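None of the values given here were measured: they were computed from a predicted structure. Reminder, nothing fancy here: chain letters follow the sequence lines and each chain counts from 1.
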Number of protein chains: 2
Amino acid sequence: MTKRRYYTITELTAEFGITTRTLRFYEDEKLLNPERQARKRLYTPRDRTRLKLILRGKRLGFSLAEVREIIEMYDHAPGERGQLEKLQDRIAERQAELEQKQKDILETLEELNQVNSSVQQRLNELK
Amino acid sequence: MTKRRYYTITELTAEFGITTRTLRFYEDEKLLNPERQARKRLYTPRDRTRLKLILRGKRLGFSLAEVREIIEMYDHAPGERGQLEKLQDRIAERQAELEQKQKDILETLEELNQVNSSVQQRLNELK
DNA sequence: AACAATGTTGACGTTTACGTAAAATGCGTA
DNA sequence: TACGCATTTTACGTAAACGTCAACATTGTT
């Protein structure tokens with residue numbers, strides 16, 4: 001029993017709740033790079049991993065362009081000093097963005113809790 | 001020195017880094033409801049607060065439709081039992097979403113930290 | 001009164017991220 | 001070999017969220 005090497009397009013749509021159109025679109029956008037068996041797409045574990053990164057990025061409100069930038073950070077080439085320093089800057093920017101989102105989430109959760117409490121109190125009074 | 005009561009459209013665009021088009025669009029969408037002095041819009045503190053909620057929602061990747069739903073939760077009418085219970089369900093859904101986003105953020109931050117470390121190591125080697 | 005600054009209402013245009021339908025292809029099975 | 005099913009390419013369509021004019025109105029100076 002050896003490890004699965006490839007995923008078909010429908011397997012991925014089923015696993016992640018997306019359509020084939022979406023997967024082909026991401027490929028057009030060079031975000032995925034499945035191999036071919038005749039004309040059929042065969043997605044590698046690497047494709048699947050990247051897909052997860054894409055969908056996670058989308059959940060966080062990043063555009064595909066932003067997702068692309070983030071993914072490019074993950075597999076950046078070695079590069080020289082100047083490049084590396086710029087990369088660090090861009091990483092710092094994204095981290096700052098994410099931390100802002102964290103704050104936004106905490107605030108929203110807190111507010112929703114307050115609403116929930118007041119609704120609960122109403123319900124108790126109706127009892 | 002009494003409290004400011006109104007904001008002009010340009011004051012808000014300046015404060016939040018958005019355009020007048022955006023503010024008018026939100027008004028078309030019934031998300032804002034500025035008063036008028038002749039034809040000019042006068043935004044109340046309440047409008048400003050709602051604008052902050054909208055922009056925060058957008059940062060978190062919510063669509064305007066979703067933002068609207070969330071805002072409606074904030075100022076829901078008293079309502080009867082059935083309504084209140086449905087409201088609680090919807091609140092719970094949003095909370096779950098937000099918690100998923102929190103996880104996504106933590107994962108991404110962690111990965112960016114790893115990338116940053118490896119970049120830093122490269123830089124040290126180049127020294 | 002003239003003018004610039006600020007704002008207003010249309011209304012068509014644009015980008016992003018896919019949806020959707022048509023026509024052709026390959027492949028396992030009856 | 002004929003069929004059904006998954007998949008492919010091609011291409012036009014669409015919803016959301018504004019952008020970008022054009023043309024007119026208001027208001028506070030010079």
Side-chain angles (χ1 to χ4, degrees), chain A residues 4-44 47-48 50-72 94 97 101 104, chain B residues 4-44 47-48 50-72 94 97 101 104:
Chain A
R4 291 285 309 274
R5 224 165 277 219
Y6 294 111
Y7 305 84
T8 69
I9 196 165
T10 36
E11 280 176 338
L12 289 187
T13 62
E15 179 175 4
F16 295 103
I18 57 181
T19 69
T20 57
R21 180 69 177 87
T22 298
L23 284 170
R24 295 193 189 109
F25 179 72
Y26 291 166
E27 185 177 349
D28 281 350
E29 296 291 309
K30 315 287 181 191
L31 289 168
L32 299 178
N33 222 4
E35 300 177 8
R36 299 294 169 119
Q37 165 193 299
R39 311 174 74 211
K40 304 205 169 182
R41 289 168 174 80
L42 289 181
Y43 293 88
T44 66
D47 284 315
R48 184 169 167 282
R50 293 182 66 121
L51 178 56
K52 282 205 274 189
L53 292 179
I54 296 168
L55 298 177
R56 192 182 67 189
K58 297 234 74 187
R59 282 199 299 277
L60 292 178
F62 289 113
S63 70
L64 285 185
E66 290 171 317
V67 166
R68 192 199 323 280
E69 275 192 57
I70 293 173
I71 289 183
E72 278 170 6
R94 292 301 174 190
E97 266 182 84
K101 283 179 202 276
D104 290 333
Chain B
R4 288 288 308 274
R5 222 165 281 215
Y6 295 112
Y7 305 85
T8 69
I9 196 166
T10 35
E11 280 175 338
L12 289 187
T13 62
E15 178 175 3
F16 295 105
I18 58 182
T19 69
T20 58
R21 181 67 177 87
T22 297
L23 284 169
R24 296 193 189 111
F25 179 72
Y26 292 164
E27 185 177 349
D28 281 350
E29 296 292 309
K30 316 285 181 193
L31 289 168
L32 298 178
N33 222 3
E35 299 176 9
R36 300 295 170 118
Q37 166 194 298
R39 312 175 74 210
K40 303 205 172 181
R41 290 169 174 80
L42 289 181
Y43 293 88
T44 66
D47 285 315
R48 184 170 167 280
R50 293 183 67 121
L51 179 56
K52 282 204 273 189
L53 291 179
I54 296 169
L55 298 178
R56 191 181 65 189
K58 297 235 73 188
R59 282 199 299 276
L60 292 179
F62 289 113
S63 69
L64 284 184
E66 290 171 316
V67 166
R68 191 198 325 279
E69 276 192 57
I70 294 173
I71 289 183
E72 279 169 6
R94 292 300 175 190
E97 266 181 82
K101 282 180 203 275
D104 289 333

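Rounded to whole Å, the distance from CD on B:E66 to P on D:dA15 is 18 Å. Atom CG in A:L42 sits about 15 Å away from atom P in C:dG26, given to the nearest Å. Protein atom CD of A:E35 is 17 Å distant from nucleotide atom C1' of D:dT7, rounded to whole Å. Rounded to whole Å, the distance from CZ on B:F62 to P on D:dA17 is 13 Å. If you take CG of A:L12 and P of D:dA6, they are 16 Å apart, rounded to a whole angstrom. Going from atom CZ of A:R36 over to atom P of C:dT25 covers 16 Å, rounded to whole Å. Summarising the geometry, the separation between CG on A:D28 and P on D:dT8 is reported as 12 Å, rounded to the nearest angstrom. Whole-Å rounding puts the A:E11 CD to D:dA6 P distance at 13 Å.
Between B:T19 and D:dG19, a side-chain N or O to OP1/OP2 separation shorter than 4.0 Å is present. In this structure, B:T22 does not reach the D:dA17 phosphate: none of its side-chain N or O atoms is under 4.0 Å from OP1 or OP2. Not one side-chain nitrogen or oxygen of B:Y26 sits closer than 4.0 Å to the OP1 or OP2 atom of D:dA17. One finds no side-chain N or O of B:T20 lying less than 4.0 angstrom from the OP1 or OP2 phosphate oxygen of C:dG7.
Closest heavy-atom contact between B:K101 and A:L60: O-CD2, 3.6 Å.
Each of A:F25 and B:I9 lies near DNA chain C, and the nucleotide nearest B:I9 is the one positioned closer to the 5' end.
A 4.5 Å side-chain heavy-atom check between B:T20 and B:L23 finds every atom pair outside the cut-off. For the pair A:L31 and A:L64, the minimum side-chain heavy-atom distance is below 4.5 Å. Side-chain contact between A:R94 and A:F62: present, with at least one pair of heavy atoms (C-beta onward) separated by less than 4.5 Å.
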Expected rows: protein N/O vs nucleotides 21-29 of chain D N/O, under 3.5 Å:
| residue | atom | partner | partner atom | Å |
| --- | --- | --- | --- | --- |
| D:dA25 | O4' | B:R39 | NH1 | 2.9 |

Taking only N/O atoms, report every protein-nucleotides 10-14 of chain D pair under 3.5 Å with atom names and distance.
none

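By the 4.0 Å N-to-carboxylate-O rule, A:E27 lies close enough to A:R36 to be salt-bridged with it. Using a 4.0 Å cut-off between charged nitrogen and carboxylate oxygen, A:E97 and B:R59 do not count as a salt-bridge pair.
For B:L64, the side-chain atoms get nearest to D:dA17 when compared with the rest of D:dT7, D:dT9, D:dA17. The listed nucleotides are D:dT8, D:dA17, C:dT9; the one nearest the side chain of B:K58 is D:dA17.
Between the side chain of A:K58 and the backbone N or O of A:S63 there is no donor-acceptor pair closer than 3.5 Å.
Cation-pi contact between B:R48 and B:Y43: absent, since separation from the ring centre below 6.0 Å together with deviation from the ring axis within 45° is not met.
Partners of A:L42 according to the side-chain contact (heavy atoms from CB on, under 4.5 Å) rule, which considers only residues two or more places apart in sequence or in another chain, are A:Y6, A:Q37.
Checked by atom type, the side-chain pair B:T19/B:T22 shows a donor-acceptor distance below 3.5 Å.
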